[in-house]
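None of these values were measured; they are calculated from a predicted model. Lettering follows sequence order; numbering is per chain, from 1.
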There are 2 protein chains.
Amino acid sequence: MEPAGPAASAGRTRPVRIVDVAALAGVAPGTASKALSGSGQLRAETRERVRRAADQLGFVPDGVGRALSSGRSFTVGLLTTDSIGRFTLPVVLGVEDALGAGDVAVLLCDTRDDPLRERHHLRSLASRRVDGIVVTGRRTDPRTPVSADVPVVYAFQPSRREEDTSVVVDERGGAVAALAHLLALGRTRVAHITGSSRHAAARSRAEAVVDAAASAGRPLVVDPLHGAWSEEWGRRAVDLLVRQVPDVDAVSCGSDQIARGVVDRLRELGRTVPDDVAVTGFDDWDVMALASRPPLTTVGLQMHEVGRTAARLLLEAVDGRPQPGTVVLPTHLVVRGSTVA
Amino acid sequence: MEPAGPAASAGRTRPVRIVDVAALAGVAPGTASKALSGSGQLRAETRERVRRAADQLGFVPDGVGRALSSGRSFTVGLLTTDSIGRFTLPVVLGVEDALGAGDVAVLLCDTRDDPLRERHHLRSLASRRVDGIVVTGRRTDPRTPVSADVPVVYAFQPSRREEDTSVVVDERGGAVAALAHLLALGRTRVAHITGSSRHAAARSRAEAVVDAAASAGRPLVVDPLHGAWSEEWGRRAVDLLVRQVPDVDAVSCGSDQIARGVVDRLRELGRTVPDDVAVTGFDDWDVMALASRPPLTTVGLQMHEVGRTAARLLLEAVDGRPQPGTVVLPTHLVVRGSTVA
DNA sequence: GAACGGCAGGAACACGTTTTCTGAAACGTA
DNA sequence: TACGTTTCAGAAAACGTGTTCCTGCCGTTC
């Protein structure tokens, strides 16, 4: 009863199946499948005929049928340890970017730091027969591995199990690079202001700065000041610092937020940045780094690349070439007005 | 040859199928399906026996098989008009939140403002037989509708076609509320500083403020100042403003970034906020609103709720109850130190 | 005692694709 | 001409679930 025309307008038109293509090309469905996938032994003429029929009908293979048949769903899960935020978002986009190119889709699973939600999502992903899972999280403290029947890659937040595949960022290297930059500018009295010591990121960056400063013969003028990841703490820390070390001439900060607070407070105290005091940030968060006066010299983390790399490693693992171990991605120093005029 | 035990350890264990459950319960696969789904006519005892068998084996129905059979994939696509950013992220999370509860998964498709990518993603979603699509975007300018064979709901950025289902935020209402708050504080010389007039958000908020001020008998002291969505513009706009209207006593801003620049610059000029000049922001972006000194009174947009609502409307439409038209969600004013001491 | 109705559960098929197996035709060689 | 080999394409099974149809049994009623 319904019009047989293949190109109905907007309304819910039932999709063309491979049998439709096969019928138009005058071959069996299996043959059409072989023709379109490039497998099997077919005459070039037949192959081309099927291909033309598929084009003409606008055939798009049904992913569900394909998944059922092939056992691969061409879908991966993206599971967050906490909630997607400023840090994990670029990772997520990097994953989506790298996978989308390979016609692999991403199932978004936001955990919100809730183990129950994590279990729920893992079951959901398992039932959907995803080909693999990317696990990410805001913190850099290693997390307990997830248990899944498919390959798993950890992005930014590594797995506690070293034989798992993890992609992390060279935080220590970045912190050392920022410090080296300050020393190269001739600064000799350097302080480090950073976030809570309960965060691995704060601890490892601080340790790296302390070690590098000491081995350069320019030990920090005070122990690292641990507080919060906020502008407010940056401002307060400056007050503490200048009281203790009035002639400080450089501050290495654990984040751009802290650095911005530091810069603001220094200016209010009448110190010129960078002439009197040079300041470095961390993260290269444009909203902070560029709005600061002067804009911040900071350490870029390339989170997008973390996501892309994790996605690539996952695809490798799905294809049977797992690569255990942790990949450490380099950071890069972005020099702006807070260190050089 | 392989161990028949159902609970193999970590290694790639083949998932239990419904036939396994049926065998253990001593019924046919079809019966097991009926027992677990609650359909068909079965004795309560049989139903319970199957249920126990499923629990014992840890059976999770294969989503792929189910999708193929039922025609529903229990998956929806989330398509961004531009790229996921600060504004759209809460929408995305709201969508994921509302759908995850109903065992519906979210396929993430980031468009990056590229029509080619959008086409690619739409094809991918179609091939995966998603049940519906949520479209979102950073800007509030209506977008050209997407063409898909499944229900579509637009979140935050509405569709240009009015009969489509869109969920937006009451920007005008929010802008009016902020202005009313300033007037209620006794301010009489109000200015409005906002972003580029090329953005619908800037235009509609500015119009609303102008209209509300005029009808309250307190017209704005100058025409709205259009610039950029940045702190830098906020600071520059203050310089322009005080030169023109030295006795301005309130500034309504189009965004928290602008408001923060305004507050900073006013303080540098020796004006006290809020005593000399009261300032309101827009968006309630914690990073800006709370780090500002004083913290910003601002308009909260509840983007999370936009996502949740869009998801709910989409599920309704998938279930055959489409609700055409635009839903406008209320904003709420968050009062902080930039207007009241 | 037979006919009928209602209920429990089994068998078969549908969904759309991929893949394997099999068969037929074409071709070459002895 | 007969036989073997190669090339191509079709038929059928497989993937796992949901649903429909159908059969058999039991109880009831005339």
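- Following rounding to the nearest Å, B:Leu68 (CG) and C:dA14 (C1') show an atom-to-atom distance of 8 Å.
- With rounding to whole Å, A:Gln41 atom CD is found 14 Å from C:dC21 atom C1'.
- Shortest non-hydrogen contact noted between B:Arg139 and B:Phe156 is O-CD2, 4.2 Å.
- More than 12 heavy-atom neighbours from other residues, nucleotides or ligands sit within 6.0 angstrom of CZ on B:Arg72.
- Along DNA chain D, the stretch of nucleotides lying under 4.0 Å from any heavy atom of chain B spans, 5' to 3', D:dG16 to D:dT20.
- The distance from atom CD1 of B:Ile18 to atom P of C:dA14 is 19 Å, rounded to the nearest whole Å.
- Cation-pi geometry between B:Arg66 and B:Phe74 is met: the NZ or CZ atom falls under 6.0 Å from the ring centre, inside 45° of the normal.
- Nucleic acid contact class of B:Ser70 (heavy atoms, under 4.0 Å, all strands): none.
- Atom NZ in B:Lys34 sits about 11 Å away from atom C1' in C:dC7, given to the nearest Å.
- Using a 4.0 Å heavy-atom distance criterion, A:Gly26 is classed as a sugar-phosphate-only contact.
- Residue B:Val27 is in sugar-phosphate contact alone, with no base atom involved, counting any heavy-atom pair closer than 4.0 Å across all strands shown.
- A:Arg17 places its CZ atom 8 Å from the P atom of C:dT17, with the value rounded to the nearest Å.
- No hydrogens or angles were tested; on distance alone, nothing pairs the side chain of A:Ser33 with the base of C:dT18 as donor and acceptor under 3.5 Å.
- Looking at heavy-atom distances under 4.0 Å, B:Ser37 makes no contact with the nucleic acid at all.
- Rounded to whole angstrom, the span from the CZ atom of B:Arg129 across to the C1' atom of C:dC15 amounts to 11 Å.
- Put simply, CG on A:Asp62 is 6 Å from C1' on C:dG16, counting in whole angstrom units.
- Fit an axis to the five pairs at each end of the helix from C:dG1-D:dC30 to C:dA30-D:dT1 and the two axes sit 70° apart, to the nearest 10 degrees.
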